[in-house]
Amino acid sequence: MPRDANDILREEGEAILRDKIDRMRREHKHPYDSNTRYRPEPDATQPLNRSGHAQAQERDRPPKVRLLNYRQYRAENAASAAGASLVKGLIRVGTLVSLNGRPGAAKTALMVELAKCLDAGEPFLGRETKQTVVAYIAAEDEIDVVNRLEALELDSIMIVVSEEGVPLTRPDRATAIVREAITQAREMFPGREVFIPFDTLRAGLDGQSVLEDKFTSPALNRLRKLAEDERVVICMVNHTNRENPKQTKGETLEAVVATELILLEGEGGWFEVHVGKNRSGPPRKQLGRLRCTSISVGDVEAAIVDEIETVEPSSTPDQKARKFGGNQALILRMMRNALFEHGFPFRPFGPDGPQVKAVKEAVLREEFIERKAGNNREYKRRGFNEALNRLLDAVLMRGENADGEGVIWHAERHAETGKPENFQAPGEEP
C-alpha cells in the first residue's frame, strides 16, 4: 500500500516530509500545496471548470467569425428591433441612456412625462415616439413616483416591485431582476417595446458614490449589455456635477450611455432640457424647456410637469410646438367628468345655431382649486385661468349663458363625444 503524507510524518519526521514536498513541487509532480487543500493537476483531456476561464475544447476550436457588409447585416437582422427609435433622434432601442440634473431639477417629473408620452405613443418635445410599455424602477422614493402616476391617472405604467430592490452593488442579481421585469412587461403588453426608467443610479448603488468606478463600472456595463441583448431601453436617472451641471458624474456612465439628457435650472421657474452625448442625432444642444406644478393626491402633493415645449425650429419656424402641461391636462380630465355629471345642452351661436354640451366655468374652477395642492386659493385661481386661456380656441371654447355665467364646451364634436373625428352612427346623415 502506498504511503501518504501522514505515514511519512509518523515514520520519518516532519523535516523529511517537508523536504519531499519541496522536491516534488519543484519537479511539478506533487499534488499537495502547503497553502491550500489537496488540488489535483488538471487533466488536459477534460474540460476545465469556470475557474480555469476556458474549456479545453474551446481552446482547440477556432472562433466563429463572419464578415458582413451593412446590407447583409440588415438582411440577417430584419426581424430585430435594432436601430428602431423610441424617440426619434434621441432614444434608440437596445441602448442605455441617462437623464441628469441637480437635486430638485425636475428629473423625476420629466421622467414621468417621458413615460407618459411613450405609454400613449404621443410626441415628446416635438419628436415622434413609439408606443411602449414602461416598467418603472423607483429605487429612491417609490411612493413619490406612485403619487405622480396617480396625479396623472397613468394606470398603464407599471412599477417594478422587488422585495430586495435592484441592488446594483450585486450586478448579477440586479440584471436578473431587471430581466424578469422585462419578461413580465412583454407578457402583459405583447408586441410593444420596453422602456425601463431607473430612478436613481445612486439609490441603486445603495448610497455608494457614482464616482467609485469599482461599483459603477460592473453594474452599468451589465445593464448596457442587458439592454442590447433584450432590445430594450434602460434610462438611468443621475445627479450631475456641482461645479458644472452640464457634466454627468463618473466616466463610466458617460462612456456606456448612448444619449445624455440634461436638466438645467432656467429663469421664471423653467428648467431647460439639453442633450449632451447623442448617438441618434445632433449632440450638445437645447431641446426644450419645462416647468412644474403640484397636484394634491390624498394628503400629499405630487409634482408633475405643468408646461413643456420645444425650442427647436418646427415646420412653422415662427411657432413653438407646445404640449398640454399638467394644469391643462387636469382641466381636460375634469371637463370630461363635468360634462357627464353637470353637462347641459347649449347653443352658443343663438337658437338657430348648432347645439353643444357645455359646463359652467365656475364648476371647473372650483374643482380645480379643490384638487390643486396648497391653501392659496388666489394662486390656484390664477393657475386655472392661465391654463384655461391656453386651451381656448385650441380644444375648448368659452361663452356666456342667458344669466351671464361663463360656460365651456369642446371646440370639436369628436372631443366632446369621445368618438373618432370621422365617426358616423348608423342611419345618421353625413
Carboxylate-amine/guanidinium proximity below 4.0 Å for E230 and R186: yes
All pairs passing salt bridge (Lys or Arg N to Asp or Glu O under 4.0 Å) where residues 254-276 contributes a residue, at least two apart: none
Run the salt bridge (charged side-chain N to carboxylate O under 4.0 Å, His left out) test against [X] and tell me which residues pass, sequence neighbours left out.
| X | result |
| --- | --- |
| E386 | none |
| E301 | none |
| R66 | E76 |
| R398 | E361 |

Does [X] have more than 12 heavy atoms from other residues, nucleotides or ligands lying within 6.0 Å of its [atom1]?
| X | atom1 | result |
| --- | --- | --- |
| R377 | CZ | no |
| E370 | CD | no |
| R347 | CZ | yes |
| K277 | NZ | yes |
| E228 | CD | yes |

Residue pair D199 / T108, side-chain donor-acceptor N/O under 3.5 Å: yes
K372 and N327 side chains, donor-acceptor separation under 3.5 Å: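 The criterion, which ignores hydrogens and geometry beyond distance, is satisfied for K372 and N327.
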Reference residue T175; test side-chain hydrogen bond (donor to acceptor under 3.5 Å, both in side chains); the match among R170, R222, E180: R222
In Å, rounded to the nearest 0.5 Å, how long is the span from [atom1] of [X] to [atom2] of [Y]?
| X | Y | atom1 | atom2 | value |
| --- | --- | --- | --- | --- |
| R371 | I369 | CZ | CD1 | 13.5 Å |
| L96 | M236 | CG | CE | 6.5 Å |
| Q131 | R192 | CD | CZ | 3.5 Å |
| L201 | C235 | CG | SG | 11.0 Å |

Closest heavy-atom contact between [X] and [Y]?
| X | Y | answer |
| --- | --- | --- |
| N147 | A302 | O-CB, 3.7 Å |
| V194 | L86 | O-CD1, 4.5 Å |
| G165 | S162 | O-OG, 2.8 Å |

Those residues that, when tested against Q72, pass side-chain contact (heavy atoms from CB on, under 4.5 Å) (two or more places apart): L68, N69
Minimum side-chain heavy-atom gap I308-L110 below 4.5 Å: yes
